[in-house]
Amino acid sequence: MKRSGSSIGVFISLFLLSLLLFFFSQKNILGGFGILGNGLFPLQAAIFQIVRIPAQLTIKPQEQKVFQKTLDTAQKAVDVANLQKDNAALRDQFATSETQNYSMVPSHIIGAPQFLPGVGVPDSIVIDQGTRSGVKVGQAVVYRNNVIGTVTQVRPSASLVKLVSSNGVSFPAKTNGTNALGVLKGTGNGTMVLDNVVLSDELKVGDLIVSAMGQNIDNTGYPPGLIIGKITSVEKNPSNLFQRASVQSLVNVTKVGDVFVITGTK
Amino acid sequence: MKYLPFVLLIIALFLESTIFSWPLVLGMLIVLTVLYKEQWVMIVACVSGILLDILTFHFIGSSSLFFLVVLELVFLYQRKFEIDSPIFVGISVFVASLLYGAVFIQRYSFFSAILTAVVVSIVYIILAFFQPQKKSILV
């Protein structure tokens, strides 16, 4: 046996050191030591790009074209619906919906831990922009006007983004075609549910779901009109108080390299 | 070849923070403990835990605390029983991974624990083959 009594001292010393670091990090003293990541995140980004190479080789150009076209079509559907609402509002002389331009910070995905790459969808991703670029907790992350998630933790040069489909996520959303309002809840593995929709509202399979909550005054939260996904099935039972629909995101985050953080309005 | 376990530990660190949600670092630390049985493994565990927490956005120090407790339990077990076997490595990694998944609330923690135990056991067999005398690298 090679260990002696001093080994207990080593264990206790290291344990107390780790406990101290944990306490400092939890209370965000000294910035939670986030600055220690400055040298690690670029290396993590490089390694993430390397391990993604086999997955990227399997993406056929034709599939990529179809994916981009799907996003274009979805965006056009939302734009048409917004224009129709604008016209109706102008005709009624009540108000117009504003089209806002958002200031965005482009960022690369440098980490997306999942159970099995290519099989499941991660619950969170790491991006290479942080407080130095003006990123704050609660800000929305998008890809071509499609919601990806929100920033939950920030370091000086990286941020953790919780995906919109992960368990525990919940926020107001509505359908693009019928304006049915509900609560969008993440159920994990890339799937979501639009719940708490009154029975009198219409839910149609294939209809797009868009965000309904406006940004908070500190530029956090989901701006209205961002595409969340499309309805894949509807569950309506007249004996229940509400109806619900399963929602699938249009974006597979594992096939996307760059995302954008909405930091404010222009 | 004597630095291969440390290279694998660094690879495990970055794999766990980029594409896999398996507790590979924990598994490699248990392998290091079984192979070398020396105090400096604790220091490596502490540093690895801190780096892992930085990359995975956990509270810094949380993984270190877990790793240190697990390795101390392995050292205590080693006082009474022989631990130089792939079966011990597999079972200890499986149990530790299950607990790690429960503490850090990971999805599919049971299947991750099984896969980690299998992978780490194979790595241990390979490393033990190339280090049959298990001499300290400080000698």
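These numbers were taken from a predicted model, which means no experiment stands behind them. The chains referred to below are lettered A, B, ... by the order of the sequence lines, with proteins before strands, and numbering in each begins at 1.
In this structure, the portions of A:Asp123 lying under 4.5 Å from any heavy atom of chain B include both its backbone and its side chain. Heavy atoms closer than 4.5 Å to chain B are found in both the backbone and the side chain of A:Ala158. Of the two parts of A:Ser159, only the backbone, made up of N, CA, C and O, holds a non-hydrogen atom closer than 4.5 Å to a non-hydrogen atom of chain B. With a 4.5 Å cut-off on non-hydrogen atoms, A:Ile110 touches chain B through its backbone but not through its side chain. The contact between B:Ile43 and chain A is made by backbone and side chain atoms together, counting heavy-atom distances below 4.5 Å.
A side-chain donor-acceptor contact under 3.5 Å links A:Gln68 and A:Arg144. At a cut-off of 3.5 Å, with distance as the only test, no side-chain donor of A:Ser107 or A:Asp128 sits close to an acceptor on the other residue. No hydrogens or angles considered: nothing links the side chains of A:Ser249 and A:Ser165 as a donor-acceptor pair under 3.5 Å.
Nearest approach of B:Glu16 to B:Leu52, heavy atoms of both residues: OE2-CD2, 3.6 Å.
Ranked by heavy-atom pairs under 4.5 Å with chain A, the first of B:Phe57, B:Phe67, B:Trp22, B:Phe111 is B:Phe57.
Shown here is A:Leu16, whose CG atom has more than 12 heavy atoms of other residues, nucleotides or ligands within 6.0 Å.
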